[in-house]
Amino acid sequence: MSDKRGLLLREKKSAYEVLSEHEWENILDYSKGYMAFLDAGKTERECVCEIEKLAQSHGFSCWDRTRDKAVPGGAFYTQKHGKAIMLAVPGCRPISQGVRMVASHIDSPRIDLKPYPLYEKDGFAIFKTHYYGGIKKYQWMATPLSLHGAVYLKNGDLKEVSIGGNPGDPVLFISDVLPHLAKNQSDKTVGKAFSGENLNATAGARPDQDQGDDRIKLRVLDILHERYGMTENDFQSAELCLCPANKARDVGLDRSMIGAYGQDDRACAYAALKAILEVKNPEYTTACIMADKEEIGSEGITGMQSGFFDAVLRDMCSEQGVSLYECYENSFCLSGDVCNAFDPNFADVSDPQNNARAGFGPGVFKATGHRGKSGASDASGQTMSRLRQLLDDAGVPWQMGEMGKVDQGGGGTVAKYIANRGIEVVDIGVPVISMHSTFEVTAKIDCYFTYKAFLAQFMSGNS
Ligand code: MN
Ligand code: MN
């Protein structure tokens, strides 16, 4: 390449091309841990449990705001309602100089049970459902589904529910009509052919020995009662959902990819977790935020719009007599969320020049949103310059992207809710094929370098 070309043109190298020989082994090691995490955490609740376990085994302690001080040398975590969690490692510098954060989310699209879910009809016990997040409904039909969640009995006792994830467990399913009789269905557009109200999940077919009506339903309730001590009324204080039962799998004959449910956004949550677990004596205070409810707009007391995360950081600031806003003004956050990977099967929805590609490292999104960037926090040039420096100095291969062609659709992340707090923020995450499906696919190399990017963020300022 001539000097002029070297100077002026952007190099378009994939992450594989800059990878050193021995690093592929590290990528495989990393992927094993990530895939185990995906299998253990199908819901935000299960993720919080898993994250707590991993944090404890790395010396993080559960933070009690009335007792504990956030001092250098410590490392702590704190969670909200078992559905959102934050890890922090206090830095040597005063917190007025800001926090280095990564924020991701641990909820994923799924099928929730309705408040009065169970009924019996035509020889089956069936759960009525209400989907959560943006799904293509037909992808959830005729596929094994596992039952997850929590039942709070009236006395407040918690029963954790998980059926279908272990080999030998039974699964549930939502039926689809056979192609032989699908004339009416196939005459409709995809949007009209599958209704949310019809996503009913079959839970049983064998009558109880008791006499009377609804004996199939009764047997299902009997099983739940035996296992969790719950009755039909306890659905009122339950949070139960159906997730794809399948486990994470190596994809491709070369095993270069991972296929699994819930990689949006556990690909980034796990990367941030792995990174912060490695942080020791950082210059700046570091925080890893894993929020719930992103898929429905970051609402609720466990979502990114809630005061949970601010309350923790405010406590840390007040120990040093610093205002929260001063800390936020000097903070920098990577909003770790997955992006769409260019899909050669659906090339027409993307601008090939500006779509992130699998195998090219984490995708950086200056803006997300819809139409004319509506709903985006749209990071400034200053922020982008800062990020380029951070990633290039750390030797992390990365790329920029936009979600599809202009006016084709769009999406959002937690970034704007972080920006609303006055924190400098930009989106960066793993490119995903078939996002929001029951089988999302990522490149192992991108998952790994997303972790490296987050590690660079947490360790920035360290010599
Ligand atoms: Mn996401
Ligand atoms: Mn999503």
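Since we're looking at a predicted model, the values are computed, not measured. As the structure lists them, so they are numbered: ligands from 1, and atoms in each ligand from 1.
Closest N/O/S atom of H436 to the Mn ion (ligand 2): NE2. The Mn ion (ligand 2) sits nearest to atom OE2 when only the N, O or S atoms of E295 are considered.
Proximity of the aromatic rings of Y270 and Y34 is defined here by a centroid distance below 6.0 angstrom, and this criterion is met.
Between Y16 and W24, the ring planes are tilted. Angles from 30° to 60° get that label. Ring-plane geometry between Y30 and Y448 is classed as perpendicular, the angle between the planes exceeding 60 degrees on a 0 to 90 degree scale with a lower cut at 30. Between Y138 and F194, the ring planes are tilted. Angles from 30° to 60° get that label.
Taking backbone and side chain together, H105 holds an N, O or S atom under 2.8 Å from the Mn ion (ligand 1). Residue side and main chain included, D265 places no N/O/S atom under 2.8 Å of the Mn ion (ligand 2). In summary, D337 places an N/O/S atom under 2.8 Å from the Mn ion (ligand 1), meeting the contact criterion. Coordination check, D264 versus the Mn ion (ligand 1): passed, since an N/O/S atom of the residue sits under 2.8 Å.
Of the residues L455, V89, L273, the one that meets the side chain to side chain contact (heavy atoms under 4.5 Å, CB included) test with E278 is L455.
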